[in-house]
2 protein chains.
Amino acid sequence: MTLRHAVLAALLDEERSGYQLAKAFDLGVANFWYAKPQQLYAELARLEQGGLISGREVVQTGRPNKRLFTVTGAGLAELEKFTAAAAKPSVLRDDLMVKVQAAGRVDTGTLIAQLTERIGFAEAKVELFERLLRTMRGDRTEEEFLRDGSPIGPYLTCLRGLAFERGNVEWCERAVAVLRARRDQDEAASRSSLPEGDDHR
Amino acid sequence: MTLRHAVLAALLDEERSGYQLAKAFDLGVANFWYAKPQQLYAELARLEQGGLISGREVVQTGRPNKRLFTVTGAGLAELEKFTAAAAKPSVLRDDLMVKVQAAGRVDTGTLIAQLTERIGFAEAKVELFERLLRTMRGDRTEEEFLRDGSPIGPYLTCLRGLAFERGNVEWCERAVAVLRARRDQDEAASRSSLPEGDDHR
DNA sequence: AGGCCCATGTAATCTGTTACATGATTCC
DNA sequence: GGAATCATGTAACAGATTACATGGGCCT
């Protein structure tokens, strides 16, 4: 049950609507947690009922009204308690890893295509995070911001997201290079010896 | 439903028991997926019933008998299908990120303690992965292994795990340094001006 | 006219976690 | 004598995903 705390943390520096949170927690942005809109609306309802956040209706013209939520004192206390509790190590769960684990037994072309697609996604996120960081620090340098900028939390988590996506790009590129080289080698080998379909494994 | 495919991928290069899989998928090793033992035993049962894997009883003396599983033709076909399907981008979910997101509003000392603990875990995993890689490649250099070593899948996923954990160490160290510097600054500031409890935010 | 953005949810299903259960062997 | 390792599960509950639902405004 950590979505709870992720929501509280996201509401700390400014009040937000469910929709805004949904944007922030969706893939493409998610720099510190991921969740679907439905999950968020449900969690917001529970949090409000428990008095950890409070919402206020904002009437809008030209578009549906929305509810903006703020963390209450009780909410902050809950976050404090959560922070003090032992963190469970993060769990890795990525489809692409499973596919690569099977490399050599499944079609190499398909794998290369998937890795290439991922490179695109990851690069887009790298750019997004870089833009986000620039926006947060404004005209200051990174060092200056880290020394006394605010809010510092989102900046730090964004830095982690950036490094993570850069790691993705590097690894995917490496994997593509390795798989291509091995495929070319296998093809050359089967051409020279046995022209019959000698599957590369 | 990707645990299914993760299990298939893990059984590809050699037959394993539920217990062995549980070890491999547990934190501390998990280089490409994470799951609890109970989940694995349940999934193995389902996979066997579906004919995607087949198990054989191995009678042991001095310890309980075990069942070793292998991927069937149908299982490999399923993996192939999975590989060709679009991968959903990986979801980030890490308690520690949530805590850091709240930096500045929750106790800094607690945060630093948590980050320091994580550094320890991550360093242990770095060493573990390095050992695993060395074992896999034997007396070959990394380049040699990547050119024609086998199995290549586990080696590549392990490389990703290694890079990920190194990224964790670097980021945690950075975050600790930043938070320490800011805390010291705040303390100095409140000592010189207002000795009254002027919370750093 | 069709599709996307804003804005919020409900219901059913699937996945994952926690707690419980058993029992022999080996190591300290 | 107690803890850890090997080995396999069941049952109850919590958490997450998928499908469905609504409705006005804006852009092309």
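Labels below follow one simple rule: chain letters A, B, ... track the order of the sequence lines, proteins then strands, and each chain is numbered from 1. What you see is a predicted model, and the numbers here were worked out from it, not measured in a lab.
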Please list every donor-acceptor pair under 3.5 Å in which a side-chain atom of residues 162-172 of chain A meets a protein atom from a residue at least two apart or in another chain.
| residue | atom | partner | partner atom | Å |
| --- | --- | --- | --- | --- |
| A:Glu165 | OE1 | A:Asn168 | ND2 | 3.3 |
| A:Arg166 | NH2 | A:Glu130 | OE2 | 2.6 |
| A:Asn168 | OD1 | B:Arg160 | NE | 3.2 |
| A:Asn168 | OD1 | B:Arg160 | NH2 | 3.2 |
| A:Trp171 | NE1 | B:Leu156 | O | 2.9 |

Which pairs count as side-chain hydrogen bond (donor to acceptor under 3.5 Å, both in side chains) when at least one residue sits in residues 33-42 of chain B, sequence neighbours excluded?
-> none
Listed once per pair and sorted, the salt bridge (charged side-chain N to carboxylate O under 4.0 Å, His left out) pairs that draw on residues 110-124 of chain B, sequence neighbours left out | B:Asp94-B:Arg118
Measure the distance from CD on B:Gln60 to P on D:dT5 and round it to the nearest whole Å.
-> 17 Å
Please tell me which of A:Thr2 and B:Asn65 maps to the more 5' nucleotide of DNA chain D, matching each residue to the nucleotide holding its nearest heavy atom.
-> B:Asn65
Restricting to pairs with a member in residues 23-34 of chain B, which pass salt bridge (charged side-chain N to carboxylate O under 4.0 Å, His left out), not counting sequence neighbours?
-> none
Quick one: side chain to side chain donor-acceptor pair (under 3.5 Å) partners of B:Thr110, sequence neighbours excluded?
-> B:Asp107
Residues in side chain to side chain donor-acceptor pair (under 3.5 Å) contact with B:Arg46, at least two apart in sequence or another chain | B:Glu43
Go through DNA chain C in 5' to 3' direction and return only the first and the last nucleotide with some atom under 4.0 Å of chain B's heavy atoms.
-> C:dT15 to C:dT25
Does any residue of residues 28-50 of chain A have a heavy atom under 4.0 Å from DNA chain C, and if so, which ones, in number order?
-> A:Gln38, A:Tyr41
Closest non-hydrogen contact found for A:Phe32 with A:Ala9 is CE1-CB, 4.3 Å
In chain order, what residues pass the ring-ring contact (aromatic ring centres under 6.0 Å, His included) check against B:Phe82, with sequence neighbours excluded?
-> B:His5
Go along nucleotides 22-28 of chain D 5' to 3' and tag each nucleotide: B for a protein heavy atom under 4.0 Å from its base, S when only backbone or sugar atoms are that close, - otherwise.
-> -B-S---
By side-chain contact (heavy atoms from CB on, under 4.5 Å), A:Glu143 pairs with (sequence neighbours left out) A:Thr141
Specify the separation, in whole Å, of atom CD of B:Gln20 and atom P of D:dC6.
-> 10 Å
Rounded to whole angstrom units, what separation is found between the CE atom of B:Met1 and the C1' atom of D:dT18?
-> 13 Å
Which residue pairs pass the ring pair (Phe, Tyr, Trp, His ring centres under 6.0 Å) test with at least one member in residues 102-146 of chain A, sequence neighbours excluded?
-> A:Phe145-A:Tyr155
